[in-house]
Amino acid sequence: MNLANHMVKAASDYAAYPASAHGTTILHSYSEVAKRVARLANAMLTCFNLQPGDRVALILANCPEYLELLYAVWHAGLIVVPINAKLHRKEFEFILGNCRANLCFITDKHAESIAALSIKHEMTTVDIGSDDYASLLSHPPRPVVTRELDDAAWLFYTSGTTGQPKGAVLSHRNLMTMCDCYFSDVDPVEPWSAILHAAPMSHGSGLYGLAYVTRGGCHVIPGSGGFNPAEIYDLIEHWPGIAFFAAPTMVKRLLDYPVRTDTRNLKAIVYGGGPMYVEDALAGLERFGSKLTQLYGQGESPMTITSLNASMHADKSHPRYLQRLASVGIAQSAVEVRIANDADVSLPVGTVGEILVRGASVMSGYWESPEASKEALRNGWLHTGDYGVLDEDGFLTLKDRAKDMIISGGSNIYPREVEEVLIKHPRIAEAAVIGRPDREWGEVVVAFIVSKDGDEIDVAELDELCKSEIAGYKRPRYYTRIAALPKNNYGKVLKTELRQQDHG
Ligand code: AMP
């Protein structure tokens with residue numbers, strides 16, 4: 001079974017349904033997209049001499065061609081390597097070299113920089129705006145190349161907030177499981193739904209797009225190709241039953257934007273990939289109604305570890321409502337989740353430890369990295385590197401990644417707890433907390449804050465706020481006001497960069 005069979009089936013079940021749209025303009029129906037996919041697949045195999053299992057990279061901002069290229073690669077029995085188009089030239093060079101992609105689809109925006117890379121193997125680039133791409137589409141359609149469920153489908157290079165990126169090998173089975181979990185644990189999709197690709201299709205938005213193909217949902221690409229709150233609101237107003245995936249920082253940008261439009265069409269905002277602060281989740285519920293769903297996942301178990309669904313977000317009468325809102329929800333249907341110590345021994349409810357995951361969505365390993373794979377998957381469980389705690393109902397609350405945890409005077413401090421408090425200050429837009437090496441305490445807490453109006457905030461006020469909410473030893477010793485928090489291309493705050501900026 002090949003993921004490409006989903007597109008073939010959609011072309012039969014939902015032939016005339018719109019499959020792709022650019023802004024408010026419908027481009028192709030499912031039967032049209034499926035034909036383009038089968039033609040492109042044929043061209044990939046015949047023009048470039050590719051063999052099943054070869055890698056095809058995509059260095060593309062969100063665009064209507066993304067969907068057909070993903071499915072054409074699978075239709076031809078190849079492996080797709082979607083790369084965030086905003087990465088640095090050196091990161092492109094590393095990833096393309098690491099996976100040895102023989103074919104790479106780009107736009108003219110990247111033509112010069114990709115041509116200048118030092119790639120040691122043979123690689124052809126095709127500009128999707130060129131006549132070459134148009135001529136690939138003139139090849140006759142071919143049938144789907146058979147693949148086994150455990151064959152690789154997608155190499156997901158992890159966002160790399162630290163170290164060199166590694167390619168998580170995701171199989172057809174892993175991604176089909178992710179689709180099933182989307183329906184059962186995140187957001188049921190009806191055939192008339194639409195997905196707005198507001199976040200990069202090389203990551204969460206593209207992954208969740210696969211679920212929409214199985215239900216004949218329309219893939220809407222914003223005209224700008226990026227994330228522009230005004231445009232997102234306009235598209236919500238236009239498309240009935242629309243949902244989208246967003247990093248919490250994107251949700252925050254939508255909340256900070258004065259709404260001019262009607263959001264009744266909105267079906268769901270599925271957020272995840274980084275921490276959502278309770279204040280922001282409450283503001284989101286107030287603005288959009290009960291349409292927020294959270295997922296916790298990682299490239300190694302794509303979008304599929306836990307979820308906090310819309311009804312959990314809405315259950316205000318629950319005695320632990322706010323605690324639940326601060327959590328990432330319960331295990332998704334296809335995985336087991338447990339909390340363990342360094343020896344992989346399970347820890348009791350209420351105890352912080354590493355989050356381990358096992359199930360059909362978990363990768364088979366990292367691309368050509370046997371050591372790293374063995375380490376991440378030891379004893380049959382994915383070691384996420386994330387720390388968290390389960391409550392008696394199975395709700396998981398994330399603490400921080402081991403490297404982000406601060407140890408001050410022998411006590412563990414989870415930056416998120418401190419950030420949750422700081423963000424409550426009415427003039428704080430964003431906050432991030434790190435540890436600064438200190439002779440006396442080992443580490444002390446340093447807070448980086450961004451003020452809403454760009455003016456200073458009285459540190460005494462912040463200290464009072466912290467005093468009223470958290471233990472004294474967790475209070476920041478130093479505050480640094482900056483214009484904006486450094487973030488990577490997926491909207492994750494780069495704590496490594498903050499540590500470098502912090503000179504004490
Ligand atoms: P990536 O592999 O790039 O998708 O990054 C995955 C990492 O993002 C996870 O290991 C977590 O550290 C973080 N993450 C994902 N989802 C959430 C969430 N809902 N809340 C907080 N952090 C998250």
Side-chain angles (χ1 to χ4, degrees), residues 82-84 86-87 91 95 154-170 174-175 178 181 185-186 199-208 245-252 269-278 280-281 284 292-309 312-313 324-332 335 337 354-357 361-363 366-367 372 376 382-389 395-405 414-417 419-420 423 432 487-496:
I83 303 176
N84 189 318
K86 286 194 186 147
L87 292 186
E91 295 170 295
I95 295 173
W154 180 316
L155 295 191
F156 183 104
Y157 278 83
T158 55
S159 62
T161 42
T162 52
Q164 289 284 33
K166 289 190 289 285
V169 180
L170 304 177
N174 294 153
L175 296 172
M178 176 199 73
C181 284
D185 305 302
V186 178
M201 293 177 81
S202 55
H203 207 90
S205 198
L207 284 164
Y208 269 168
F245 167 74
T249 46
M250 293 176 173
V251 179
K252 177 105 177 80
I269 299 180
V270 183
Y271 66 88
M276 172 70 111
Y277 298 105
V278 172
D280 295 337
L292 299 188
T293 288
Q294 178 175 198
L295 81 296
Y296 159 57
Q298 59 175 202
E300 293 82 346
S301 182
M303 315 303 265
T304 312
I305 299 178
T306 63
S307 62
L308 187 76
N309 66 21
M312 293 163 181
H313 276 83
R324 287 190 164 184
L325 214 51
S327 81
V328 291
I330 56 173
Q332 294 192 33
V335 292
V337 175
E354 187 175 2
I355 301 163
L356 308 192
V357 185
S361 57
V362 173
M363 66 166 186
Y366 295 111
W367 179 253
L382 170 66
H383 292 66
T384 61
D386 291 323
Y387 278 65
V389 56
F395 282 73
L396 176 68
T397 300
L398 289 192
K399 295 297 176 182
D400 288 271
R401 298 188 80 116
K403 60 176 172 25
D404 289 334
M405 197 177 70
Y414 297 101
R416 167 132 186 203
E417 290 178 73
E419 290 159 3
E420 285 273 13
I423 207 87
K487 300 193 184 101
N488 73 6
N489 291 310
Y490 299 104
K492 285 187 208 292
V493 175
L494 291 169
K495 297 228 164 158
T496 352

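Scope of the values below: all heavy atoms of this structure, side chains included, with no hydrogens, waters or symmetry mates. As the structure lists them, so they are numbered: ligands from 1, and atoms in each ligand from 1.
- Note: Phe245 and Tyr208 have perpendicular aromatic rings, judged against thresholds of 30 and 60 degrees for the angle between ring planes.
- When the heavy atoms of Thr306, Leu396, Asp386, Asn84 are ranked by distance to atom 10 (O) of ligand 1, first place goes to Asp386.
- Inter-residue side-chain proximity for Ile83 and Tyr157 is flagged as unmet; no heavy-atom pair is nearer than 4.5 Å.
- Of the N or O atoms in His203, one or more lie within a sub-3.5 Å distance of an N or O in ligand 1.
- Considering backbone and side-chain atoms alike, Gly274 places an N or O below 3.5 Å from some N or O of ligand 1.
- Taking Ser205 as the reference, His197 meet the side-chain hydrogen bond (donor to acceptor under 3.5 Å, both in side chains) condition, with sequence neighbours excluded.
- A cation-pi arrangement is present between Lys399 and Tyr414 under the rule of less than 6.0 angstrom and at most 45 degrees off the ring axis.
- Between Val328 and ligand 1, no pair of N/O atoms sits closer than 3.5 Å.
- At least one donor-acceptor pair closer than 3.5 Å links the side chain of Gln332 to the backbone N or O of Met303.
- Residue contacts with ligand 1 for Leu398 involve side-chain atoms from C-beta outward but no N, CA, C or O (heavy atoms, distance under 4.0 Å).
- When the side-chain contact (heavy atoms from CB on, under 4.5 Å) test is applied to Asn84, the partners found at least two apart in sequence or on another chain are Lys86, Leu87, Pro200, Ser202, Asn489, Tyr490.
- Between Thr384 and ligand 1, no N or O atom pair is found at a separation short of 3.5 Å.
- On a distance-only criterion, Met276 and ligand 1 share no N/O pair closer than 3.5 Å.
- Applying the 4.0 Å criterion to heavy atoms of Gly299 picks out, from ligand 1, the atoms 1 (P), 2 (O), 4 (O).
- Between the side chain of Asn309 and the backbone N or O of Val186 there is no donor-acceptor pair closer than 3.5 Å.
- Without hydrogens or angle criteria, Ser307 side chain to Asp185 main chain gives a donor-acceptor distance under 3.5 Å.
- Here is the list of ligand 1 atoms found below 4.0 Å of a heavy atom in Gly297: 6 (C), 9 (C), 15 (C), 16 (N).
- Considering backbone and side-chain N/O atoms, Gly272 never comes within less than 3.5 Å of an N/O atom of ligand 1.
- Taking every non-hydrogen atom of Pro275 and a distance limit under 4.0 Å, the qualifying atoms of ligand 1 come out as 20 (N), 21 (C), 22 (N).
- For Gln294, a nitrogen or oxygen atom sits less than 3.5 Å from a nitrogen or oxygen atom of ligand 1, counting backbone and side chain alike.
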